[in-house]
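Note on naming: letters A, B, ... go to the chains in the order of the sequence lines (proteins, then strands), and numbering restarts at 1 for each one. On a predicted model such as this, the values are computed, not experimentally measured, just so you know.
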Number of protein chains: 2
Amino acid sequence: MARLPGRPGTRAHEPIPPLPARARQPRASRAAGGQHAVQGATSSEWAADADRPATAANLAYARLKALILDNALAPGSQRLESELAAELGLSRTPVREAMVRLEQDGLVTITPRHGMRVTAVTPADMREIYEVLNSLEPAAAELLTRRGLAAKQLAPLADACTAMERALHKEDRHAWAAADEVFHLGLAELCGNRRLAGMIMQVWDQSHRARMFTLHQRPLPERSTAEHRAVLQAVMAGDSESAREMYRLHRRRSGEELIALIERSGVAWL
Amino acid sequence: MARLPGRPGTRAHEPIPPLPARARQPRASRAAGGQHAVQGATSSEWAADADRPATAANLAYARLKALILDNALAPGSQRLESELAAELGLSRTPVREAMVRLEQDGLVTITPRHGMRVTAVTPADMREIYEVLNSLEPAAAELLTRRGLAAKQLAPLADACTAMERALHKEDRHAWAAADEVFHLGLAELCGNRRLAGMIMQVWDQSHRARMFTLHQRPLPERSTAEHRAVLQAVMAGDSESAREMYRLHRRRSGEELIALIERSGVAWL
DNA sequence: GCATTCATTTGCGTATGCATTATGTGCGGC
DNA sequence: GCCGCACATAATGCATACGCAAATGAATGC
């Protein structure tokens with residue numbers, strides 16, 4: 001039980017750090033294109049959902065979500081509506097709406113008299129999440145392949161692969177994770193099934209902190225990098241069976257690796 | 001384009017019928033047990049989520065959801081916050097919260113100056129939904145089988161199967177659909193993965209109206225009934241591979257059947 | 001010294017009011 | 001007769017106010 005990243009059950013009183021302006025940027029647009037574009041993709045950038053109007057509720061949602069994903073709001077920590085409202089400089093109404101949405105995202109739990117508590121992800125939760133991803137992501141790969149998109153439209157995935165390979169060379173784990181995220185979410189987005197994509201993104205968000213946690217404990221993800229490239233090649237070759245199977249293998253292996261890592265590290269939640 | 005159940009684009013002004021008291025009942029509890037318990041399960045009963053406190057916002061959510069699932073609020077119809085608030089006898093605040101939740105459920109879309117619009121499900125949407133279910137439900141069946149639950153704990157599924165068979169004999173399509181729902185949602189709930197279960201229920205809800213629509217146009221679901229029983233037997237036999245495969249086949253066949261039915265019937269949305 | 005009960009506080013759920021802003025309409029010009 | 005613009009209207013988004021209920025702390029009794 002070493003190095004607990006948070007202490008569920010205790011009331012957290014850390015002040016909320018102001019977010020950098022980039023937190024309001026829309027989800028990393030695939031239109032950007034350049035190879036390096038992928039590198040800047042950190043959670044706070046795509047936390048701002050879609051292109052909703054710049055309303056206070058959406059702002060609160062985006063900022064709280066970014067804080068949670070970036071681990072600035074410790075898992076297990078509790079915050080009252082009024083606290084958050086004061087710290088965000090808003091009234092309780094939009095903050096409340098944001099909390100409701102975050103709860104449906106599975107990122108927090110609202111307890112009537114105790115405000116919202118940031119959901120702590122246990123190894124068991126990670127198992128659930130990877131079971132879901134194990135099922136959904138291969139399906140997305142298969143669907144994407146069947147769409148038979150032109151190479152140009154698959155560029156974001158190719159770029160992400162390249163970015164991963166470059167990051168691997170430079171041993172830049174953060175860049176690698178960012179590219180990994182771009183690849184997985186990009187594939188989900190491109191598969192043509194918005195519901196499927198949304199579900200993948202949801203559990204992906206839920207497991208974001210855990211992935212970041214293991215980032216520096218695991219060996220360099222050489223195998224994962226190669227697997228991504230292989231998936232992409234299967235997709236481009238139009239071999240949907242193979243794409244699905246390769247993605248399934250990748251998903252299963254990397255999921256088990258991550259869960260093993262977390263369990264071995266002894267943390268009870270993330 | 002015959003017999004459109006709703007007319008998206010037009011502003012609906014039907015008054016909201018009062019809900020029967022049973023709408024507030026918790027989701028059909030598996031504890032009930034009796035074979036006939038399954039027959040009463042209509043959407044309005046399990047629309048009330050979990051056992052949330054009886055707050056006005058939860059009430060609004062439950063009632064609106066029930067209205068939507070029961071097709072009492074036509075797909076495509078729009079309602080203003082203030083309208084709904086007045087009709088439900090509440091203020092706008094809890095209604096708004098309910099709307100936000102329904103939007104995340106994919107049941108409505110909130111358009112800034114036009115209130116909420118009940119999401120119309122097109123054949124393309126049904127394809128999306130069945131792609132998701134095709135992926136998730138077999139996974140749930142596999143997980144459930146691996147859990148190796150005792151026969152007693154699988155009783156709800158067995159009951160549902162029996163109820164389907166009885167309904168088939170009596171040619172009672174509504175009872176059959178109710179039992180079908182109990183089986184699918186019960187299997188999801190029992191699989192041990194709450195996220196997986198939640199996602200299945202979400203798309204299941206989204207497709208509820210479409211299933212109800214096709215209910216009286218399809219031949220008696222003899223094959224589906226047998227397939228459910230077969231899945232259950234595989235689960236009880238502990239053969240997870242077989243359970244998954246049988247469920248996949250059932251899902252695929254019945255999904256394609258339903259989509260074909262909808263497309264042939266010519267409706268553009270449900 | 002400890003448990004129990006009551007008073008107080010405080011956080012929440014809901015209602016309401018206000019300012020903002022998009023929409024629709026009507027009028028005028030072309 | 002049609003199109004564009006300006007204004008009136010109305011619905012929203014947010015802030016605030018209020019009452020209730022739960023949690024906390026104190027005081028008292030055992």
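Contact annotation: side chain of B:Arg113 to base of D:dA11, donor-acceptor pair present below 3.5 Å. If you check distances only, the side chain of A:Thr93 does reach the base of D:dA15 with a donor-acceptor pair under 3.5 Å.
Residue B:Ser91 places at least one side-chain N or O under 4.0 Å from the OP1 or OP2 atom of C:dA15. In this model, the phosphate group of D:dT12 is not approached by any side-chain N or O of B:Arg96 to a distance below 4.0 Å at OP1 or OP2. A close approach under 4.0 Å does occur between a side-chain nitrogen or oxygen of B:Thr55 and OP1 or OP2 of C:dT14.
A donor-acceptor pair is defined here as one N or O able to donate and one able to accept, closer than 3.5 Å; no such pair exists between the side chain of B:Asp159 and the backbone of B:Pro156.
Taking the nucleotide of DNA chain C with the nearest heavy atom to each of A:Pro112 and B:Pro94, the more 5' of the two is matched to A:Pro112.
The side chain of B:Arg92 sits closest to D:dG13 out of C:dG11, D:dA17, D:dG13.
Geometrically, A:Arg209 does not engage A:Trp269 in a cation-pi contact defined by less than 6.0 Å to the ring centre and at most 45° from the axis.
A salt bridge is defined here as a Lys NZ or Arg NE, NH1 or NH2 lying under 4.0 Å from an Asp or Glu carboxylate O, and A:Glu103 with B:Arg52 meets this definition.
No contact: A:Glu97 has no heavy atom under 4.0 Å from any strand.
Put simply, the side chain of B:Val95 does not reach to within 4.5 Å of the side chain of B:Arg79, judged on heavy atoms.
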